[in-house]
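Read the structure below first, then the notes.
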Number of protein chains: 2
Amino acid sequence: MPKVVDRAQQRRDIGAALLRLLAREGLEEVSVRTVAAEAGRSAGAVQKYFSSKDELLRFALDLTGERATERLLRVDPAGPTKDVLRRYVEATLPLDEDRRAEAVVWAAFAVRGALRADFGAVLAEVDREVRGHLAELLGAALAAGRIRQDLDPFAVADALIAVSDGLSVRLLYNPDDQAVLLTALDTALTALLGAGTDEL
Amino acid sequence: MPKVVDRAQQRRDIGAALLRLLAREGLEEVSVRTVAAEAGRSAGAVQKYFSSKDELLRFALDLTGERATERLLRVDPAGPTKDVLRRYVEATLPLDEDRRAEAVVWAAFAVRGALRADFGAVLAEVDREVRGHLAELLGAALAAGRIRQDLDPFAVADALIAVSDGLSVRLLYNPDDQAVLLTALDTALTALLGAGTDEL
DNA sequence: CCGTTTAGAATACGAGTGTATCCCAAAAGC
DNA sequence: GCTTTTGGGATACACTCGTATTCTAAACGG
């Protein structure tokens, strides 16, 4: 009897429009009406799928987490440990328009997470997964004797995440320093893994 | 003839109220009226000192930069290089309410700087100064043979800033991981400077 | 002490906000 | 093909926003 559509897909479409808008104009420009316009719908249509603005933002945050995870899963895990890790980090750095958009969204939600525990919990969970993944990778390299033997995989993983996030934020407002900051990434990777291992 | 007040001081007072509010409630709660209320004044009074909201935010950003610089200048520069650097980094990490407030403000403006070049320029300038300061410190330690001799002071400085910023952001939305993240800071410092130098 | 200048409060205005409600058209089951 | 359910557009409402304007009271120079 009813007119039926794919609700999940509609939500994803609207969420995608929100992320586009957020990356382009910033969080303060996000409203039910502007998101609806970006999605090519009326404000009422958006309301059918998200009963409040908060729910809309929460969904957009989850969507960003999914996208980040997907991007990390696409990274080629073959080759020297340092190169693999560099690829992981570069997968999240704002080095082109797509990654920049994601980084803007991530940073905007990070700030929101500083004051709203429910948003912070989502980000913390994403970190926890990435940290586990990196530590696993480092543990394997450790067991194979391909990196320095005195490393703590989790501590190195946390340090890498920090470097990645720090470079990401700085690239956002200072894209001119891209070359310099990629050098810094290389320095950090070399230092953290121990210079000249992996070739042994 | 006129009724006269210390305009610069009034601006600083209002700016301080803005930073308090921003740290406590987030950027989206900052308006001319809420800032005025936080400062114990009327909205009209705020308008006398800041002709637009944008000017108000710009001033608050400058004020945050000054505060960060002051905090860094108060760091004790004596002792082993690694300890000094740890103190510098910890001076900016959100490890108590004051530093947390500053970190929230900084992060909020960083996101704004991603989309508004004029805000980004202020942040880039602060980074430039900190980077120069750190590189100078590292250069001196290098000349004195107290750290690994193959280090590039500027690359290490950039890596340190990245680690610091990354840890800062993550601590904002995930304060429970404080102990783990301070371990990661130690790991990063040790790795970047070369384990076991400085004691030589 | 008076006239002038400014601080600062109050008010007004148009625009945009989130949300609630109403209405119509489209789709599916009988 | 009619009825019923729903998608989705339109509208309404109360509120906040940034900014412009207007007003009063206080402080200084003559």
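Sequence lines set the chain letters: A, B, ... in the order given, protein chains first and strands last, and positions in each chain run from 1. Hydrogens, waters and symmetry mates are skipped; everything else that's a heavy atom, side chains included, is used. Note that the structure is a prediction, hence the values are computed from the model and not measured.
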*Is the closest basic N to carboxylate O distance between B:R67 and B:D62 below 4.0 Å?*
no

*asked:* Of the listed nucleotides (D:dT19, D:dG8, C:dA9), which one gets closest to any side-chain atom of A:S42?
replied: D:dG8

*What's the CG-P distance between A:L56 and C:dG18, to the nearest Å?*
9 Å

_Is it true that A:Q9 and A:D13 share a donor-acceptor pair across their side chains at a distance under 3.5 Å?_
yes

*Whole Å only: how far is the CD atom of B:Q9 from the P atom of C:dG8?*
12 Å

*Between D:dT19, D:dG8, C:dT19, which nucleotide has the shortest distance from any of its atoms to the side chain of B:R33?*
D:dT19

*Please determine, for the side chain of B:S52, which listed nucleotide (D:dA12, C:dA7, D:dT19) has the closest atom?*
D:dT19

_5′-ward residue of the pair A:G44/A:E29 relative to DNA chain C_ = A:E29

*Among the nucleotides D:dC17, C:dG8, D:dG8, which one has an atom lying closest to any side-chain atom of B:A45?*
C:dG8

*Hey, does A:F50 reach any base, or is it just sugar-phosphate, or nothing, if we go heavy atoms under 4.0 Å?*
nothing

*Ignoring the backbone of B:T34, work out which of D:dC17, C:dT17, C:dA7 is nearest its side chain.*
D:dC17

_Candidates C:dT19, D:dT19, C:dA7 - which lies nearest the side chain of A:V32_ = C:dT19

*State whether a side-chain donor-acceptor pair under 3.5 Å links B:Q10 with B:R41.*
yes

*Please give, in whole Å, the distance from D:dT16 P to B:L27 CG?*
19 Å

*Calculate the interatomic distance between A:D6 atom CG and D:dT6 atom P; express it in whole Å.*
16 Å

_Length of the line joining B:Q47:CD and C:dA7:P, which is rounded to integer Å_ = 14 Å

_In this structure, how many angstroms lie between the C1' atom of D:dT19 and the OH atom of B:Y49, rounded?_
19 Å

*Check whether any side-chain N or O of A:R7 sits under 4.0 Å from OP1 or OP2 of D:dT6, and answer yes or no.*
no

*May I have the distance from A:R11 (atom CZ) to D:dG8 (atom P), rounded to whole angstrom?*
13 Å

*asked:* Does a side-chain N or O of A:S31 approach OP1 or OP2 of C:dG16 to a distance below 4.0 Å, or not?
replied: no

*Taking the six-membered ring of B:F119, is the NZ or CZ of B:R112 close enough (under 6.0 Å from the centre) and on axis enough (within 45°)?*
yes

*Residue A:K48, side-chain atoms from C-beta onward, closest of D:dG8, C:dA7, D:dC17*: D:dG8

_Separation of C:dT6 C1' from B:Q10 CD (nearest whole Å)_ = 12 Å

*In terms of side-chain heavy atoms, does A:T34 have a donor or acceptor partner in A:S31 at a distance below 3.5 Å?*
yes

